[in-house]
Amino acid sequence: MSTASVQLPGWINYGVIPLINLVLAFFFSGLVVWAIGENPFEALQLLLVGALGRGEGIGFTLFYTTSFIFTGLSVAVAIHAGLFNIGSEGQAYLGGLGAALVALSLDRYVPWYVTMPFAVIGSALFGAACAAIPAWLQAKRGSHIVITTIMFNFITSSLMNYLLVHLLIVPGKMAPETRTFLPGGQLPKLDWLIALFGGKLGAAPLNFSFLIALVMCFLIWVLVWRTKLGYEMRTLGVSPSVAVYAGIPYARIVMIAMLISGGLAGMMALNPVMGASGRLQIEFVGGAGFVGIAVSLMGRNHPAGIVLSALLFGILYQGGAELSFDMPSITRDMIVVIQGLVILFAGALEYMLRPAIVRLYQQVGGGR
Amino acid sequence: MDYFDILISILGSAIRLSIPLLFTALAGLFSERAGIFDIGLEGKMLASAFAAACVAHLTADPWLGLLAGILVSIAVSLIHGFASITNRGNQIVSGVALNFVAAGLTVVLGQAWFGQGGRTPQVPTEGRFSSIILPGADAVRGVPFIGPLYANVISGNNILTYIAFLMVPLSWWVLYRTRFGLRLRAVGENPGAVDTAGISVTWLRYRALIVTGFLAGFAGTYLSIAQSAAFISNMSAGKGYIALAALIFAKWKPVPVMFACLLFGFLDAFANFMQGKSVPLIGEVPVQIFQALPYILTCILLAGFIGIARPPKAGGVPYTKER
């Protein structure tokens, strides 16, 4: 008998199965740590203490979390419309240009809270612009969005490297980066949020964009589950032929979904560019766009899940950095391995255990 | 140096840069023609480069290095198969995941084993594939045009280069002249029909992925013990994606794949040559244009402006035998 058609209750689908997949991913990560001669439990403990032990650690963790919420939402919105956007990395990179241009032109004249809304719009517009051509190619010419967004990651990277090395660089400086923004072009740190829980933010770059990220989570939830546009996107995601039959305009929805997705990825740039370093630096995205894929899959493409899994990856990034100080044989690249294993088990192998779980569920008596 | 010498040196460099692309694109050809998207070519290349460098360092035998590279690459390919064929998972997600695992694991293991920041130690000279001087290369060097072309472009490459070019007709023959190739192409277009004919879709696709792993193993080995003499972290540097672009640019056909790879290799070599040089009237052309050109060309092709790139019909769709 096929187990594929058996319905499982929500708490198994959205709770138990992702949790088991996560445990599997961590089990194999632990095996790697054990294989290179370190104690996986000790490593886990160091990682957790590094990420959550002090106010500064928490500040760094939430800083990474902010970036991952944006890119996770970006991937999720596209997935709801049945599109796989691998281009969040490039869209975030170009979004940085939008944010930086706004900050560079306004920081002299106005305080940060006037700059901020323009920077949000600027970064989102540039991110969306980077998604526009792949979206148009998918909508009108049927080119596969996965391939075109990969191509655009490289095209954007070349473009940004050119702009930074030749045009935006401060004359006379060696480092390919813009000048540091004045306070009017920077987002304030969230000292008070950490102080609320009795900690000290220290040098951690947790900033106002964290709150923007949380607002975006709510807005995306409203958009996807409470609006007509969201309904049309989800219909398209389930079955393009049904959507077209129901009179939903395919090309229009593909374009809109990808523009929103690209815009969200672009807004990720607010966090490192205006919140942390206060300038546009080369390769500042640093893989956050790809982490977004893992975050979205792990969080089952739901904003609440995305916040939780972004937090998980924030802990991994910050904890992993601390861990590599304490255990020099474990480099920061261990995070990349864990990230890959999470994508593998939570994404590609998500149905591996389903038949077994269905059988167990039926035996326990919940079924039929 | 006159223009002809410059051209010869760029062509020689273009050949060397296109070999890893050629192996990888041919690898992708087999899996995509069987209906399995493979974003994970980059990861296979990295994993096999690491394995080849480790074994060649320990044994000082390039052939054992190649064998290790191939075996590791096939293993990665089989994991991709387990996820996307057996468990009907999303092929793109699986490829992305394996790229991450390969990128991370090679550095973590390299650091743990050798403690050189993710590098492997230098491979001794006898553990590398060194260049072969073809017979008569020195004799004809003095002949105008053909002489330098033969001596500096065709001769003087390592054995893997010649294997790469042999793989092109061989891939064509396997895909278009054998029963396995016919079935492989069929399973990428209409797996239901293949299944109805009593042929196992699963086994056929697994075999295609083994061929993919086999070929990608050559690419990684070429990177670490033919082109250079050690594994360096993330040494594939996006070549797996350029190879994917070449595969699409060549419309999933073996001989055009070779030309696409040579073109992209030439662009790369030309960009290296143009670095810091200025062109009359235009001034210095930014190298980034050449770096982005393969991707821009592929996007234009995908848009249908220069011919139509029609991918295998069943690509990316897991096959379900019964509901």
Side-chain angles (χ1 to χ4, degrees), chain A residues 2 4-5 32-33 35-38 84 86 133-134 136-137 140-144 146-148 150-163 165-166 287 290 293-294 297 328-352 354, chain B residues 37 39 43 79-80 82-84 86-109 111-113 115 117-118 233 238 241-242 244-245 248 286-296 298-299 301-305 309 311 315-316 320 322-323:
Chain A
S2 173
S5 55
V32 173
V33 172
I36 60 177
E38 295 282 357
F84 199 154
I86 303 199
I133 297 176
W136 181 80
L137 288 174
K140 291 286 185 191
R141 318 282 310 193
S143 324
H144 204 297
V146 171
I147 306 292
T148 47
I150 290 177
M151 302 292 133
F152 265 79
N153 280 340
F154 289 101
I155 294 173
T156 315
S157 166
S158 294
L159 175 71
M160 288 293 287
N161 290 359
Y162 171 74
L163 291 176
V165 172
H166 291 277
F290 295 115
I293 300 170
L297 289 170
S329 62
I330 301 178
T331 63
R332 279 198 76 165
D333 298 87
M334 190 63 216
I335 310 166
V336 182
V337 179
I338 300 177
Q339 184 184 323
L341 289 169
V342 168
I343 301 180
L344 188 67
F345 283 102
L349 290 171
E350 62 179 332
Y351 304 122
M352 182 172 66
R354 198 175 184 279
Chain B
F37 279 158
I39 306 282
I79 299 175
H80 185 50
F82 178 70
S84 58
T86 307
N87 285 296
R88 294 194 280 279
N90 186 319
Q91 297 165 6
I92 290 152
V93 175
S94 162
V96 169
L98 290 171
N99 280 345
F100 279 125
V101 173
L105 206 53
T106 47
V107 180
V108 169
L109 291 181
Q111 169 68 14
W113 290 343
S233 111
Y241 295 110
I242 297 201
L244 197 64
I248 297 163
V287 289
Q288 285 89 357
I289 289 187
F290 297 104
Q291 285 163 357
L293 212 51
Y295 306 109
I296 296 174
T298 306
C299 279
L301 177 86
L302 278 171
F305 294 128
T320 315
E322 44 135 9
R323 289 228 177 256

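Here is the naming used below: chain letters follow the sequence lines, and residue numbers restart at 1 for every chain.
- When all heavy atoms of A/F152 and B/C299 are compared, the pair lying nearest together is CE1-SG, 3.7 Å.
- Of the listed residues A/L159, A/I147, A/I293, the one with more heavy-atom pairs under 4.5 angstrom with chain B than any other is A/I147.
- In this structure, A/N153 and B/Y295 have side chains that are not in contact, with every pair of non-hydrogen atoms separated by 4.5 Å or more.
- For B/T298, the part lying near chain A is the side chain, with the backbone staying farther off; criterion is any non-hydrogen pair under 4.5 Å.
- Residue with the most contacts toward chain B among A/F154, A/Y162, A/F345: A/F154 (heavy-atom pairs, distance under 4.5 Å).
- Proximity to chain B (any heavy atom under 4.5 Å) is restricted, for A/L297, to the side chain, taken from C-beta onward.
- In this view, B/Q111 satisfies the side chain to side chain donor-acceptor pair (under 3.5 Å) rule with no residue, not counting sequence neighbours.
- For the atom pair CZ (B/F82) and CG (A/L344), the distance works out to 9.5 Å, reported to the nearest 0.5 Å.
- Heavy-atom minimum distance, B/F100 versus A/V336: O-CG1, 3.4 Å.
- For the atom pair A/M151 CE and B/L244 CG, the distance stands at 5.5 Å (nearest 0.5 Å).
- Here the straight-line distance linking atom CD1 of A/I155 with atom CD1 of B/I296 works out to 5.0 Å at 0.5 Å rounding.
- At a 4.5 Å heavy-atom cutoff, the contact between A/F290 and chain B is made by backbone and side-chain atoms alike.
- Take A/V146 and apply the side-chain contact (heavy atoms from CB on, under 4.5 Å) test, not counting sequence neighbours, and it matches A/F84, A/I86, A/H144, A/I150, B/I39, B/I92.
- We find the CD1-CG distance between A/I338 and B/L105 to be 11.5 Å, quoted to the nearest 0.5 Å.
- The line from CG of B/N90 to CD1 of A/I343 is 11.5 Å long, rounded to the nearest 0.5 Å.
- No other option in B/A103, B/G104, B/G89 has as many heavy-atom pairs under 4.5 Å with chain A as B/G104.
- Note on B/I79, B/V108, B/T106, B/V96: by heavy-atom pairs under 4.5 Å with chain A, the leading option is B/V108.
- For A/L341, the parts sitting under 4.5 Å from any heavy atom of chain B are the backbone and the side chain alike.
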